[in-house]
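A, B, ... follow the sequence lines: proteins, then strands. Residue 1 opens every chain.
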Amino acid sequence: MRMSKLFFQTLREAPADAEVRSHQLMVRAGLVRQVAAGIFAYTPLGLRAKKKIEAIMREEMDAIGGQEIVMPVVQPAALWKRSGRWYEIGDDLARLTDRGGRELVLGMTHEEVITDLAAGVISSYRQLPLMLYQIQTKFRDEPRPRGGLIRVREFTMKDGYSFHADHASLDAYYPLIYQAYFNIFGRAGLEVIAVESDTGMMGGTMAHEFMALTAVGEDTLLLCDECGYKANRQVATFVKSEGAERKVEEALPLEEIATPGVDTIAALASFLDIPKSRTAKAIFLVATREEDGQDKEQFVFVIVRGDMDLNETKLTNALKARHLRPAQPAEIRAVGAQPGYGSPVGIQRERVLLVVDDLIARSPNLVAGANREGWHYKNVNCGRDYKPDLALDVVAAAEGYPCPICRAPLRSARGVEVGNIFKLGTKYSQVMEATFLDEDGKNAPMVMGCYGIGSGRLIASVIEKHNDENGIVWPITIAPYRVYLVSLATKRTPEVTEVAERIYAQLQEAGIEVLYDDRDERAGVKFNDADLLGIPIRLTVGTRGVKNGIAELKLRRSEESLALPLADIAHQVQATVDAETARILAALVTEPLT
RNA sequence: CGGGGAGUAGCGCAGCUUGGUAGCGCGCUUCGUUCGGGACGAAGAGGUCGGAGGUUCAAAUCCUCUCUCCCCGACCA
């Protein structure tokens with residue numbers, strides 16, 4: 001491609017509204033342009049990178065038996081009503097009506113359509129297992145897009161769905177997809193870790209998220225450097241030993257104490273000069289739960305130790321709630337509790353679901369609120385002073401907490417979720433009646449798995465990792481072009497143009513993707529753009545070189561340059577392409593499923 | 001949805017306090033000189049000042065409403 005004809009624009013300065021590094025670089029290098037909040041257009045260079053990544057996805061999906069299909073973005077609401085998600089999902093699901101008044105949705109994912117599709121085609125166990133995938137647009141009306149392509153509303157996703165005759169077949173397939181995912185990210189030059197994750201509204205029994213570790217990540221991960229335990233904070237567990245150690249302490253009499261103006265845990269601990277771990281934190285929530293096909297709201301009173309935080313995901317899952325929201329002050333008072341001085345002692349017990357963290361049940365003599373402004377109780381004991389409905393692990397793991405496997409301190413890190421895989425089981429096949437006849441001639445629901453990777457987020461994550469002060473440093477496997485050919489010709493040096501044109505033709509003939517900077521610009525402009533665009537191999541043709549019969553080859557990722565004889569230059573460039581590609585593939589690893 | 005910030009040329013910004021001909025840098029066009037790490041000179045093009053309403057002789061500037069975008073949080077198959 002000739003730069004003089006390319007639809008692109010490099011910017012010397014980043015747009016003011018781009019804060020995240022990858023966003024700034026993608027806009028400055030002319031890969032994407034923002035159209036609306038969380039909605040982007042890809043321009044030619046960005047699209048080429050996207051297609052490269054998607055080609056890798058196709059190869060890896062095909063290698064494990066995947067068959068590519070395409071499903072619609074606009075889908076009938078009826079399908080979503082059948083799965084129930086029409087009612088479960090809120091405003092993230094974009095809904096519209098066609099001219100005939102029929103309800104439609106913009107697909108935010110494709111479980112409904114694929115399950116319906118599979119149900120229509122599959123009728124026998126002989127057709128299973130099967131894996132179908134597509135690379136298609138999704139639309140999720142996110143409340144807050146952010147970070148350029150890190151979190152958007154419209155995006156392209158590679159989503160795959162596998163169908164099995166039984167759980168054993170899915171269990172056998174899962175490690176294959178797990179490895180395929182490592183292959184995809186590895187080939188894209190992105191190091192990821194797989195962590196256990198919440199199954200969320202997808203449902204299912206097992207799930208992993210593939211996380212690229214970066215500070216701009218939206219998820220918090222807990223990692224153990226000793227034994228390799230890794231989990232999303234939403235599901236991470238840890239060893240709660242401290243409470244057990246104090247179990248020997250005897251329960252002391254309940255005592256009411258004046259604590260004027262002390263309405264936070266931090267203030268309470270400093271007022272009484274005790275560690276936060278000797279206090280109980282009250283959290284008031286309202287859970288939406290389905291009972292007899294009806295949504296019902298339930299006031300939930302949660303108690304965790306003062307030094308710990310509630311993990312809402314754990315609580316939501318434990319309660320099988322659809323949704324949790326903070327309770328309003330009026331709602332809190334209505335059950336007999338006092339905001340800021342909340343206590344399980346003396347509330348209208350029948351109106352609340354009382355949940356305590358299991359550590360609370362084992363921690364004696366805590367300080368808790370007295371449900372009276374300016375007063376607290378000392379020596380509150382679970383079991384003696386109040387009886388919880390549930391005692392289970394509902395607190396969030398944090399940096400330094402003991403690893404659940406080996407007790408070494410956990411480390412926390414931020415990550416971007418670039419892919420995820422779920423064992424769905426029969427969640428969708430059951431409600432949508434996607435059944436087949438098994439070997440015994442009985443109807444059974446298909447067992448499903450689903451597997452997703454966002455293209456744009458993956459590109460952004462790669463750039464987030466691979467850049468320097470001058471611009472992007474593409475891994476050669478997904479770079480928009482592999483070679484950036486710089487001609488330093490001027491009007492007075494037509495011989496340089498001639499050589500550059502010849503090299504351009506030779507490289508193209510050799511099948512090497514080359515971006516030819518034939519613009520009438522000064523050397524500095526071209527070199528700076530080359531750095532910004534980050535094409536892995538730069539070939540420079542100038543007066544000096546031409547005189548000596550050489551062109552200059554420089555890798556974007558290194559400072560050194562190499563003189564290449566003009567004769568046979570395509571072969572030498574190809575060798576460099578191969579070496580750079582091999583360098584990335586050498587980093588691929590076999591990851592056993594943990 | 002709560003909190004904070006911003007909308008003036010393709011990009012980055014000034015002008016607004018104190019109302020009076022809409023500006024600067026980069027980029028873009030033409031010509032000339034230059035030419036191996038973001039050249040120089042000259043001449044140009046490009047604007048409903050986010051939108052609507054109001055105050056005023058007069059509004060980018062003051063008032064009201066509204067839309068959009070960004071950041072933090074809530075949220076996030």
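- Taking only distance into account, the side chain of Q9(A) never meets the base of G27(B) through a donor-acceptor pair shorter than 3.5 Å.
- The residue among V20(A) and V541(A) whose nearest nucleotide of RNA chain B lies closer to the 5′ end is V541(A).
- Minimum atom distance to the side chain of R33(A) is reached by G10(B), of the listed G36(B), G10(B), A39(B).
- Following rounding to the nearest Å, R21(A) (CZ) and C70(B) (P) show an atom-to-atom distance of 20 Å.
- Look at the P atom in both A42(B) and C24(B): the space between them is 14 Å, to the nearest Å.
- Using cut-offs of 30° and 60° for the angle between ring planes, the Y174(A) and H208(A) rings count as tilted.
- A donor atom on one side chain and an acceptor atom on the other are not found under 3.5 Å apart for E560(A) and S558(A).
- Checking the phosphate oxygens (OP1, OP2) of C76(B), no side-chain nitrogen or oxygen of R144(A) falls inside 4.0 Å.
- As judged by a 4.0 angstrom heavy-atom cut-off over every strand, R538(A) is placed among the base-contacting residues.
- For A37(A), the listed nucleotide lying nearest its side chain is C70(B); candidates were G36(B), C70(B), A74(B).
- One atom, CG of D520(A), and another, P of C35(B), lie 13 Å apart when rounded to the nearest Å.
- As rounded to the nearest Å, C49(B) and C13(B) have C1' atoms that lie 14 Å from one another.
- Across C76(B), C69(B), C72(B), the shortest atom-to-atom separation from the side chain of R151(A) is found for C76(B).
- Exactly one residue among R519(A), R522(A), R28(A), R538(A) makes a salt bridge (Lys or Arg N to Asp or Glu O under 4.0 Å) with D529(A). That residue is R519(A).
- Phosphate contact (OP1/OP2 of G36(B), side-chain N/O of R522(A), threshold under 4.0 Å): absent.
- For the OP1/OP2 pair of C76(B) and a distance below 4.0 Å, the side-chain nitrogens and oxygens of Q234(A) include no atom meeting the criterion.
- Nearest to the side chain of A36(A), among C11(B), C69(B), C13(B), sits C69(B).
- For R146(A), the listed nucleotide lying nearest its side chain is A74(B); candidates were C35(B), A74(B), G27(B).
- Under the Watson-Crick or G-U wobble criterion, with both distances below 3.5 Å, C62(B) is paired with G54(B).
- Between E112(A) and R82(A) there is no salt bridge, since none of the side-chain N atoms of the basic residue sits less than 4.0 Å from a carboxylate O of the acidic one.
- Protein atom CG of D17(A) is 6 Å distant from nucleotide atom C1' of C69(B), rounded to whole Å.
- C69(B) is paired with G5(B) under the Watson-Crick or G-U wobble criterion, all donor-acceptor distances under 3.5 Å.
- Among the nucleotides C70(B), G38(B), U34(B), the one closest to the side chain of R492(A) is U34(B).
- Separating the C1' atom of G4(B) from that of U8(B) is a span of 22 Å, rounded to the nearest Å.
- In this structure, the side chain of K281(A) engages the main chain of M308(A) through a donor-acceptor pair within 3.5 Å.
- Sequence order on RNA chain B of the closest nucleotides to D529(A) and E521(A) puts E521(A) first from the 5' end.
- In this structure, U29(B) forms a base pair with A43(B), meeting either the Watson-Crick or the G-U wobble geometry with both donor-acceptor distances under 3.5 Å.
- Note: CG (N528(A)) to P (C11(B)) measures 21 Å, nearest angstrom.
- Pairing for C24(B) is with G12(B), a Watson-Crick or G-U wobble pair whose two hydrogen-bonding atom distances lie under 3.5 Å.
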**Request:** Please lay out, stage by stage, how D468(A) and R557(A) fare under the test salt bridge (Lys or Arg N to Asp or Glu O under 4.0 Å).
**Result:** CA-CA 9 Å; D468(A) 61 19; R557(A) 64 175 176 84; over 6 Å; no
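- Across C11(B), G36(B), G38(B), the shortest atom-to-atom separation from the side chain of R544(A) is found for G36(B).
- Q34(A) comes within contact range of the sugar-phosphate backbone alone, with a heavy-atom separation under 4.0 Å but no base atom that close.
- Counting any heavy atom pair closer than 4.0 Å across all strands shown, G452(A) reaches no nucleic acid atom.
- When Watson-Crick and G-U wobble pairs are counted only if both distances are under 3.5 Å, G19(B) pairs with no nucleotide at all.
- In this structure, the NZ atom of K526(A) is 15 Å from the C1' atom of U34(B), given to the nearest Å.
- With C1' as the reference atom, U61(B) and G7(B) are 15 Å apart, rounded to whole Å.
- Ionic pairing of K427(A) and E111(A) is not present here: no N-O contact between side-chain nitrogen and carboxylate oxygen is shorter than 4.0 angstrom.
- Taking atom C1' on both C62(B) and A45(B), the two are 34 Å apart, rounded to the nearest angstrom.
- Under the 3.5 Å distance criterion, the side-chain polar atoms of Q34(A) are matched with a main-chain donor or acceptor of A36(A).
- The phosphate of C1(B) (OP1 or OP2) has no side-chain N or O of R325(A) nearer than 4.0 angstrom.
- A14(A) comes within contact range of the sugar-phosphate backbone alone, with a heavy-atom separation under 4.0 Å but no base atom that close.
- For the P atoms, the distance from U48(B) to C75(B) is 42 Å, rounded to whole Å.
- With rounding to whole Å, L310(A) atom CG is found 12 Å from A74(B) atom P.
- The side chain of F527(A) sits closest to G37(B) out of C76(B), G37(B), G38(B).
- The interatomic distance linking D219(A) (CG) with G73(B) (C1') rounds to 16 Å, in whole Å.
- Annotation: G12(B) and A6(B) have their C1' atoms spaced 14 Å apart (nearest Å).
- For the C1' atoms, the distance linking U55(B) with C71(B) amounts to 35 Å, nearest Å.
- Pairing of G36(B), defined by two Watson-Crick or G-U wobble distances under 3.5 Å, is not identified with any nucleotide.
- For E19(A), the listed nucleotide lying nearest its side chain is C70(B); candidates were G36(B), C70(B), G27(B).
- D159(A) is linked by a side-chain hydrogen bond (donor to acceptor under 3.5 Å, both in side chains) to Q134(A), K138(A), Y161(A), counting only residues two or more places apart in sequence or in another chain.
- Among the heavy atoms of the strands lying under 4.0 Å from P15(A) are primed sugar atoms or P, OP1, OP2 only; no base atom is included.
- Following rounding to the nearest Å, D91(A) (CG) and C1(B) (P) show an atom-to-atom distance of 9 Å.
- Heavy atoms of G147(A) sit under 4.0 angstrom from primed sugar atoms or phosphate atoms, though from no base atom.
- At the heavy-atom level, E417(A) lies nowhere under 4.0 Å from the strands shown.
- The side chain of K491(A) lies closest to U34(B), out of G37(B), C75(B), U34(B).
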